[in-house]
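Everything quoted here is computed from the prediction, not taken from an experiment.
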Amino acid sequence: MAELSIEKVAISGPTLASLIQCISSSSADVDGLLFGHVTQLTPSTLSDDSSSSIHDPSDQHQLIATVTSFLCPNAPLSFYDSLGRLNSPALLRFLSSSSTTNHRHFIGWFSGRRKTPLRPSLREFSVSRSLSSSQFLFPITTSSEHDGNLIKGLRPCVFLLFSTPVHDQLIHTHEYRAYQFRSETTSFESKPIDIVNIGPAFRGNYGNFSPSNSMFPMLNCEMSGLSAMNEDNSLSEMKKVVKDQKELDLCAEGFEVKDLSRLIGSEASGYTLGLENMYEKMLVKIESLARQVETSNANVLEQENQNRKLRYKVARGGLE
């Protein structure tokens with residue numbers, strides 16, 4: 001049976017962000033294990049075009065690898081040696097501590113490094129080849145019960161590579177790429193990455209969500225229970241609001257928001273002219289206020305210079 005090809009690699013936004021944070025917070029290059037599942041999708045063959053009813057049998061089933069979690073020991077060479085050979089006891093220990101289930105299988109691994117080209121190295125090639133020839137095998141979820149006997153399983157073949165730009169940049173960024181290691185050709189095959197955050201197919205990633213409870217402040221809604229002092233305070237605040245509104249009306253010279261509807265219709269030309277005149281008068285008032293502020297600032301600066309001279313004379317008189 002020919003080796004199966006993965007169509008794309010899917011990962012949720014929070015999982016990808018957590019993975020990048022784990023790599024960026026490490027003091028050195030890191031690697032780890034990827035967990036998830038591979039789903040076989042059977043596309044529909046129904047079509048109005050009779051010519052499209054003939055399909056290639058190899059294109060009838062698409063495999064999508066979904067990364068749901070990861071395990072990062074925060075140290076390089078965690079489950080393999082310097083030559084890329086697997087350290088089976090360490091790998092089995094990591095897999096047993098991850099508590100894999102039927103929906104969370106060991107599907108591959110990742111590597112994170114800094115300021116290096118975004119392509120697999122010889123050591124990463126050797127590790128992926130060792131995984132492809134290992135005894136680890138996980139089943140593939142099918143979208144149809146009739147297709148359950150088509151695929152026996154798949155070995156860990158997904159590889160995610162993370163790196164930072166070779167040259168320094170003002171914005172801290174990470175580059176990443178997904179690969180599938182093909183044991184038949186002993187080579188990496190680049191795969192697109194689909195960042196999924198919503199949808200029925202990815203709803204299981206949010207099963208552990210628990211909302212946090214936030215206490216609302218106590219609001220006093222009993223108006224009848226106000227004391228005489230509170231009533232006086234409320235009355236003074238209302239008077240202040242009315243006074244501020246009158247000052248605003250004085251600046252607007254009688255124009256109100258409800259009168260803006262007159263900008264549409266037969267009265268639009270005359271009303272627009274009135275608004276323009278009001279705007280010009282307001283500009284004149286603002287310019288006058290600006291001149292007054294400028295004059296007062298000059299007077300304050302002159303007074304400060306005079307005070308400085310007086311203090312200087314008093315200080316010299318005291319010294320003499």
Side-chain angles (χ1 to χ4, degrees), residues 4-26 29-41 63-80 86-112 120 124 127-143 151-162 174 176-181 183 188-189 191-197 199-209:
L4 300 173
S5 176
I6 295 176
E7 185 72 17
K8 63 180 178 180
V9 177
I11 185 173
S12 69
T15 304
L16 179 60
S18 178
L19 185 54
I20 293 177
Q21 172 63 24
C22 181
I23 295 173
S24 60
S25 60
S26 177
D29 297 344
V30 294
D31 51 43
L33 309 180
L34 297 175
F35 299 95
H37 56 270
V38 175
T39 306
Q40 176 184 345
L41 301 180
L63 297 183
I64 298 178
T66 303
V67 179
T68 57
S69 60
F70 63 93
L71 176 63
C72 182
N74 291 325
L77 307 178
S78 56
F79 59 93
Y80 56 90
L86 295 181
N87 185 354
S88 298
L91 183 57
L92 291 175
R93 185 171 61 254
F94 291 147
L95 293 179
S96 60
S97 63
S98 63
S99 301
T100 57
T101 62
N102 293 332
H103 302 285
R104 185 170 175 263
H105 306 284
F106 173 42
I107 63 174
W109 70 296
F110 70 90
S111 176
E124 292 164 349
V127 174
S128 298
R129 185 176 59 180
S130 300
L131 287 175
S132 65
S133 59
S134 63
Q135 75 277 13
F136 300 103
L137 194 69
F138 61 91
I140 294 179
T141 306
T142 58
S143 59
I151 300 176
K152 300 298 183 180
L154 193 66
R155 301 189 187 277
C157 59
V158 178
F159 175 61
L160 294 183
L161 177 60
F162 295 83
H174 281 79
Y176 50 88
R177 187 173 296 174
Y179 296 92
Q180 178 189 6
F181 185 82
S183 58
F188 283 103
E189 186 174 327
K191 299 295 178 181
I193 297 180
D194 186 14
I195 302 177
V196 184
N197 293 321
F202 218 79
R203 192 172 297 166
N205 293 278
Y206 301 93
N208 298 327
F209 173 76

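In this structure, S18 contributes its side chain and P14 its backbone to no donor-acceptor pair below 3.5 Å. Checking side-chain atoms of S132 against main-chain N and O of R129 turns up a donor-acceptor pair under 3.5 Å. Proximity of a side-chain donor or acceptor of R155 to a complementary backbone N or O of L131 within less than 3.5 Å is not detected. Between the side chain of Q180 and the main chain of L4, a donor-acceptor pair closer than 3.5 Å is present.
Residues forming a side chain to side chain donor-acceptor pair (under 3.5 Å) with Y80 (at least two apart in sequence, or on another chain): D31. In this structure, the side chain to side chain donor-acceptor pair (under 3.5 Å) partners of S111, at least two apart in sequence or on a different chain, are E124. Qualifying salt bridge (charged side-chain N to carboxylate O under 4.0 Å, His left out) partners for D29, counting only residues two or more places apart in sequence or in other chains: none.
Below 30°, between 30° and 60°, or above 60°: for W109 and F159 the angle between ring planes is between 30° and 60°, a tilted geometry. Aromatic ring pairs are classed by plane angle as parallel below 30°, tilted from 30° to 60° and perpendicular above 60°; the pair Y179 and F188 is perpendicular.
The only option from L160, I193, I23 that meets the side chain to side chain contact (heavy atoms under 4.5 Å, CB included) definition with Y176 turns out to be I193. Partner P89 forms a side chain to side chain contact (heavy atoms under 4.5 Å, CB included) with one of L91, N87, L92, L86 and no other, that one being N87. For the side chain to side chain contact (heavy atoms under 4.5 Å, CB included) with F35, the lone residue among V67, T66, I107, L95 that qualifies is L95.
Here F181 contributes atom CZ and S133 contributes atom OG; the two are 8.5 Å apart, rounded to the nearest 0.5 Å. Taken from CG in L154 to NE2 in H37, the straight-line distance is 13.5 Å, to the nearest 0.5 Å. Remark: L63 CG to E7 CD distance equals 8.5 Å, nearest 0.5 Å. One finds the OG atom of S25 at 11.5 Å from the CD1 atom of I20 (value rounded to the nearest 0.5 Å). Put simply, NZ on K191 and CD1 on I6 are 7.0 Å apart, with the number rounded to the nearest 0.5 Å.
Residues C22 and F70 are in side-chain contact: their nearest non-hydrogen atoms beyond the backbone lie under 4.5 Å apart. Within the 4.5 Å cutoff, the side chain of V9 has no heavy atoms near those of the I11 side chain.
Shown here for I195 and S12, the closest heavy-atom pair between the two residues is CG2-C, 4.2 Å. Counting all heavy atoms, side chain and backbone alike, C72 lies closest to V30 at SG-CB, 4.1 Å. Nearest heavy atom pair, residue P73 against residue G32, reads CD-CA, 4.1 Å.
In summary, the aromatic rings of F79 and F94 are positioned with their centroids too far apart to meet the 6.0 Å limit.
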